[in-house]
Amino acid sequence: MSWLQQVLEQGIFAVTAEAGPPKGPDIEVIRKKCAQLKGAADAVNITDNQTAIVRMSSFASCLVARECGVEPVMQMVTRDRNRIALQSDFLGACALGIQNILCLTGDHQSLGNHPQAKNVYDIDSIQLLQMFRLMRDEKKFQNGEEMKGEIDVFLGAGENPFADPLEFRALRLAKKFAAGAQFIQTQAVFDLEIFTHWMEEVRKLGLHQKGSILAGVIPVKSAKALRYMKNEVPGVVIPDVLVRRMEKAADPKAEGVQVCVETIEELKKIEGVSGVHIMAIAWESIVPEIVRRSGLYPRPIKSEVTSP
Amino acid sequence: MKLYVIACDKSGYPALMKGIETGEGTDSVLTVQKIPCLGLVKESLLLETLEKEYDGILLVGCPLDSCYNLDGSRFAERRVHRVNALLQEAGIEKKVFLAFVTAEKTGELQRVLMLARSAFNKEESPT
Amino acid sequence: MIIGERKPVKEILQLIGDRKKILVLGCGTCVTVCLSGGEKEAKELASLLRIKKYQASDYTVERQCEPEFIRPLDYRLKEVEAVLSLACGVGVQALADRYPRTPVFPGLNTTFLGMPVEQGRWEERCGGCGQCIVHLFGGTCPVTRCAKSLLNGPCGGSKDGKCEVKPDRDCAWQLIYDRLKLQGRLDALLEIQPPKDWSPSRHGGHRKMIREDMLL
Ligand code: SF4
Ligand code: SF4
């Protein structure tokens, strides 16, 4: 069983972080990020060509992370691979002991650095979850054919409580759990009001009992970065008060961390939130401080090393 | 410079006649065609006319908001724009000009004639 | 209808190269209606070519994609060095098949199956996936109109009814949600749609249709 799953099942408020593979073959980049995150997070998401920009593969980077003693969450998007390649890579990852998989659809390639590429989108994230669950629980490929061997994997998905149509968002979460998600990492929370409301809906539907919900947070370094996210990144909602607060701050970096810590404090109070997912993009070194100041340190110690 | 002029009979044609009487810059006008409204001028007519010896075409008609036929000048403006874009895309140094005048005020006509002249006197393609 | 857009004149001139006798051939069906390759556009292009000193003529047939409509072109084709077809890619190929000795150049880029949504604006509606499931989505096709062809609900980037990928276009899933809500059928969206069978689509190889009773 994956460590992340054990932590969540023991009812410990979980912490996950994120590390993007390098835009090149330099393994040291991942090692460095892992060294910064080790001990501060229970597991670390390794992104899959996020924002449709070519990077070292998530699969390979996950293996490096594991060597560094960090438990990886392998992200898989359906943008670039069809069901054949996805199942094949899934088997490979499971065989090599990757035990957390996050199923995503992925950002459209036209927003990335190879907009000329042909996309795949053979299946969507929900179908991806369903497919992996079928392989794990029923030992069947997507086409129904029998498969041999045991698979031990913890399946997750993303969800964005802030995107439109808002009223559909909790229902979409229900679908993800029904399809096989065991944990959910949400889009970064800046607007606690919308998030709280979404969680109310989630509880009304009893979804918080169907799996673990980890709320996403992003520490920002400046008002400029915040504004950029507000205006340019699809699916992120940022209240104006927050932008003003960052603008007024004497030390914006410190303020960004403070905001993040305060947000985590609030999230901890919300019934049904089982952990946080800290996405410190290109600022991995700040994660331990955030975890410490949020009262989430030390992290539980893994008694045994997870091996295949 | 050889111009083919298409003038609407409500405003363009009277203005043109006045211009010709006073001889102001109208010496490049080779042919004048009178029509009921600029809205009748199709792109194909413009292009076919430019297949002949003319360097350019000048459409003279009512101002946009006082077109006798309401939308005639507006249609003409769009089509002129489109034809000029096509000509430019094809690298053809011919052009269609448009002047909105009233029967009394002919100043605009002089201005566009001047503009046409300077466009063709330049060596590079008119923009 | 099939939507096509005229190639830039510059590209067309490059395609033609140094050939002089050109037939600009319009098509009287889809591309006439979307104002790209009908009689009017064929005449304009032929005119442009003549101004550029080509010996260009123009003609427009009812439908370039049907052999019986292009058969009468035989004598015209004898007189030209190349044809510039303003039909969709189907028409271009029908011509190329019938006149294998004459180069046929596409004057349009065939873009999509769509409809006019307002004067001067056309939008894609169907991707010809070979297994229509549009009824499951209140009559809005996510295969085509969602940038990611999502079958189980909107992605995380839908905002104010617009698509994150093309913000000037509607998010298909907002449309689907609104329509099903109007019909009181939101529960339909809770059902998990299985992976689509793409074998009847272009992904299964190029396609054909046969009507036994119509075969000669
Ligand atoms: S489901 Fe397939 S056939 Fe039906 S509208 Fe969409 S693409 Fe076209
Ligand atoms: S915003 Fe809507 S249409 Fe665009 S990719 Fe997402 S779900 Fe599909």
Side-chain angles (χ1 to χ4, degrees), chain B residues 1-6 30-31 33 35 38-59 64 70-98 116 119-120 123-127, chain C residues 4-28 31-61 82 84 86 105-109 116 118-122:
Chain B
M1 177 185 64
K2 296 172 194 155
L3 274 186
Y4 185 96
V5 179
I6 304 175
L30 221 65
T31 315
Q33 183 188 353
I35 51 160
L38 288 193
L40 297 172
V41 182
K42 298 272 145 59
E43 286 104 320
S44 51
L45 171 72
L46 295 173
L47 286 164
E48 274 158 25
T49 306
L50 289 176
E51 284 180 40
K52 299 179 191 141
E53 76 269 34
Y54 305 101
D55 298 307
I57 301 174
L58 171 63
L59 301 188
L64 283 180
L70 296 175
D71 281 329
S73 293
R74 222 176 296 278
F75 287 147
E77 195 182 34
R78 283 190 188 183
R79 290 178 188 145
V80 166
H81 187 76
R82 182 152 174 274
V83 167
N84 280 333
L86 278 171
L87 290 168
Q88 207 186 359
E89 255 190 78
I92 297 169
E93 299 195 358
K94 293 192 175 195
K95 206 173 165 176
V96 185
F97 298 90
L98 186 57
F120 288 112
E123 264 191 306
E124 70 269 28
S125 73
T127 47
Chain C
E5 270 183 76
R6 179 176 49 76
K7 283 179 181 284
V9 180
K10 230 189 190 149
E11 188 184 335
I12 291 177
L13 293 175
Q14 268 167 8
L15 294 180
I16 296 174
D18 50 14
R19 296 173 187 85
K20 285 293 165 203
K21 286 188 200 160
I22 310 293
L23 172 64
V24 181
L25 192 61
C27 176
V31 292
T32 290
V33 191
C34 71
L35 309 177
S36 301
E39 188 178 0
K40 180 168 173 288
E41 292 77 21
K43 281 202 178 322
E44 289 168 8
L45 257 179
S47 245
L48 273 186
L49 289 176
R50 283 192 296 267
I51 300 177
K52 298 222 46 129
K53 307 284 182 257
Y54 293 86
Q55 288 161 265
S57 54
D58 73 271
Y59 191 68
T60 297
V61 296
L84 178 67
L86 298 190
F105 298 115
L108 302 191
N109 293 319
E118 58 179 292
Q119 171 92 355
R121 183 182 166 103
W122 291 263

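In what follows, chains are A, B, ... by sequence order, proteins preceding strands, each numbered from 1.
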Would a distance-only check, ignoring hydrogens and angles, find a side-chain to backbone donor-acceptor pair under 3.5 Å from K43(C) to S44(B)? no
If we define contacts as heavy-atom pairs under 4.5 Å, which of K52(B), K42(B), E48(B), R82(B) has the most with chain C? R82(B)
At a 4.5 Å cut-off on heavy atoms, which part of K40(C) comes close to chain B: side chain, backbone, both, or neither? side chain
Given a strict heavy-atom distance threshold of 4.5 Å, which part of L48(C) is in contact with chain B: side chain, backbone, both, or neither? both
Got a donor-acceptor contact below 3.5 angstrom from the D58(C) side chain to the V24(C) backbone? no
May I ask you to check whether E51(B) and S47(C) show a side-chain donor-acceptor distance below 3.5 Å? yes
Give a yes or no answer on whether the side chain of D55(B) reaches the backbone of K2(B) with a donor-acceptor pair at less than 3.5 Å. yes
